[in-house]
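Below: one structure, written as structure tokens.
Because only heavy atoms are used, hydrogens play no part in the values below, and waters and symmetry mates are left out as well, while side chains stay in.
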Amino acid sequence: MPGRSFRDYVEEVRAASDITDVVGESVSLRKGGKDMVGLCPFHQEKTPSFRVDPVKGVFFCFGCNAAGDVFSFVSQLHGISFKDAVEMLGERHGISPPTQRAPEAQAAERKRRRVLEALEAANAFFQSRLGSPDGAPARDYLARRGIDEDVVRRFGLGFAPDAWDGLLRHLCGRGYEVETLLDAGLVIPRKGGRGNYDRFRSRITFPIRDTAARTVSFGGRTISDSEPKYLNGPESLVYSKSRVLFRYSEVAQEIRKGGRAVIVEGYFDAVGLAARGVPAVVAVCGTALGSAHAGLLRRLTEEVVLFLDGDRAGRRAARRAMQPLIEAGLGVRVALPPEGEDPDDLARKGGLAAVMECLDGAMDMPEFLVAEAKREFDVETLRGKVSALEMILGHLVLLPSSLARAEASDRVADGLGVKDDIVREELQRAARQRRGKLQPSLGAPDTARPEFARSEAVLLRYFGGEASTHDGEAAVELAKQLPMAALSHLCRKAIERWLEARSENEPWTLRQMADAISGPEAQQVLALAFESAAEPGIEEARGCLLTLREQGLKARLQAVQEEIDKTPGTDARDRLVQEMFRLGRAIQELHGAPSTG
């Protein structure tokens, strides 16, 4: 629709996007008074402090102060810009952005969109090649692993043919520039600058999707004995492997519904388990499990099961993966297939029943760590017990709850045959050492939410509510009478922005006032949308005006009285006394009392 401004486009998308529906896709919400309540997806919490106001279209977390509208939520959730969040929601509702935009922004957006389009085109190519005569060896390989055609279609598996430039020629023939394919990580420059070649060759391909379900990269598994066995797409304009979990977008609802996520190490493990009916399975994409991955999972659940290989390497990988999960406040359990097998082996041999039995019987953290310590060290000796305890304490100290640490230490003591008080003492020592190491990072600004004075809170809620919908000119006149110097910087700023908008005939709500302020201060304004008291009307606002005037008069009266005590001269003192009487009369008049002077 040519001629629209970007602002018009934003409001069009906002009107089509119900914040409760958008947030509800990632957060389990329940009714809590006039608001919807759930666990905050942006920080660790056990008790819900995240609230959504469906009427005002805003959210606020009273735990971490995350706040904003539907666009802010999508932006923070997916780690994208405001503009990308608007356009993501716009695409969902079939609303196209305006054509008039800055040339640089248009070029950057075209480049990014072209990369995403190229990745989708590559996915279609790989899928078509798997079904072609060239794909016969790949189909045979998949059949040997128990993957049939239905599973192939369901999970979008493909095949990169055994050719140096099959994909390159195909996509260039479709009109894609080589630069776009390089940006997408689909092709690699030849050494010496003599052209380019396909990154994936003679490999089963697995499409990797971001939290918005867009194809952003691929994983490839060789069908021969060549190395590396698995090949992963590189970081790109649209792909950051530290922020993506394989199959996350596909199984988000399964994780939320079942109350746990299952983490495996490889693409085939994830596909093989899911194909046999195992729910909520995700995998890392060729990188170590990190804090961003843990944060993704924490949005959906409180428990994670690590289901890695049953050998020593798999157990060590489980120990490494525990750290970011524990720090994110997740409960961690470890399920191990038989020695020498991986999860896919167990699924192929025993089917769904065998896998679910293994998962349901997963060891919790203390049990697993004690078992590992007994494998690694001779705990019958003093030296072995010391080494085992040091290894285990490195994990226990990460537990956020003192109660959880105490319970875990008791179980470790029982498992190692060590006195409870010794384990607790060592745990306290380890915790002190860890706090000391973290101390330099504790200088971050305080994010506690400062409170507005009561009169300021009422005024802001009035101007962002009733004044925007009913009172019109009366509200404007009241705002002009306010003693701005008596207001806090933030309250004054918000009301000034509101007045500017009204002068242009735009009735602003609290959300728009917060948008105009932006930054951390905006969160304090949005928090007012979740006050439990009824919406204030003009009479309450006028009462606040009188309160502010009275506070100003009393402050001046006190200052004058102090000046009188310090002023010896009769003329100057008389002037101050007269002013004191005038101030007293003004205060009486505010309360409707008759003047006595």
Side-chain angles (χ1 to χ4, degrees), residues 119-171 185-188 197-209 215 217-234 245-247 250-251 262 264-278 281-286 307-311 313-314 337-338 340-352 354-355:
L119 288 160
E120 289 293 353
N123 194 25
F125 171 79
F126 291 145
Q127 290 180 29
S128 69
R129 299 318 297 166
L130 182 58
S132 73
D134 292 344
R139 294 195 299 274
D140 291 342
Y141 176 84
L142 289 170
R144 291 195 298 273
R145 298 201 62 153
I147 304 295
D148 59 24
E149 291 183 10
D150 181 62
V151 174
V152 166
R153 286 192 297 271
R154 179 180 164 194
F155 295 99
L157 305 188
F159 177 60
D162 188 12
W164 282 102
D165 57 358
L167 177 65
L168 174 63
R169 287 187 287 107
H170 172 78
L171 292 182
L186 294 170
V187 301
I188 302 172
Y197 62 94
D198 293 351
R199 179 178 297 275
F200 299 100
R201 302 180 310 281
S202 192
R203 290 178 180 272
I204 305 290
T205 59
F206 302 82
I208 298 170
R209 298 183 175 93
T215 301
S217 190
F218 295 92
R221 206 289 185 189
T222 181
I223 60 173
S224 64
D225 295 329
S226 61
E227 293 293 336
K229 182 189 295 185
Y230 283 98
L231 183 64
N232 303 287
L245 286 166
F246 179 60
R247 300 200 70 245
E250 293 94 324
V251 301
V262 178
V264 297
E265 199 164 24
Y267 304 115
F268 259 121
D269 285 343
V271 169
L273 294 178
R276 289 169 178 84
V278 182
V281 181
V282 297
V284 291
C285 302
F307 192 25
L308 308 179
D309 293 355
D311 57 12
E341 292 186 3
D342 60 28
D344 187 48
D345 293 330
L346 179 62
R348 281 189 283 161
K349 291 178 180 178
L352 176 62
V355 173

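By the 6.0 Å and 45° rule, R221 does not stack over the aromatic ring of F268.
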* Hey, mind stepping through V152 and I147 against side-chain contact (heavy atoms from CB on, under 4.5 Å) and telling me if it holds? -> CA-CA 7 Å; V152 166; I147 304 295; 4.0 Å; yes
* To do: Quick one: do I223 and S202 satisfy side-chain contact (heavy atoms from CB on, under 4.5 Å)? Show the steps, please.
  => CA-CA 7 Å; I223 60 173; S202 192; 3.9 Å; yes
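When atom types are taken as modelled, the side chain of R199 and the backbone of G185 share a donor-acceptor pair closer than 3.5 angstrom. Judged by distance alone, with hydrogens and angles left aside, the side-chain atoms of D134 form no donor-acceptor pair with the main-chain N or O of D162 at under 3.5 Å. A donor-acceptor pair under 3.5 Å links the side-chain atoms of R139 to the main chain of L130, judged by distance alone. A donor-acceptor contact shorter than 3.5 Å is absent between the side chain of R203 and the backbone of G158.
Distance check, rounded to the nearest 0.5 Å: CZ of F159 to CD1 of I204 gives 6.5 Å. Expressed to the nearest 0.5 Å, how far OG of S217 lies from CG of L186 amounts to 8.0 Å.
Applying the 6.0 Å contact sphere to CD of E120 captures more than 12 heavy atoms from other residues, nucleotides or ligands.
Annotation: F206 is not in aromatic contact with F155 [ring centroid separation under 6.0 Å not met].
Each of D342, V278, V281, L346 was compared with F307 under the side-chain contact (heavy atoms from CB on, under 4.5 Å) criterion, and only L346 meets it.
Residues passing the salt bridge (charged side-chain N to carboxylate O under 4.0 Å, His left out) test with R276 are D344, sequence neighbours excluded.
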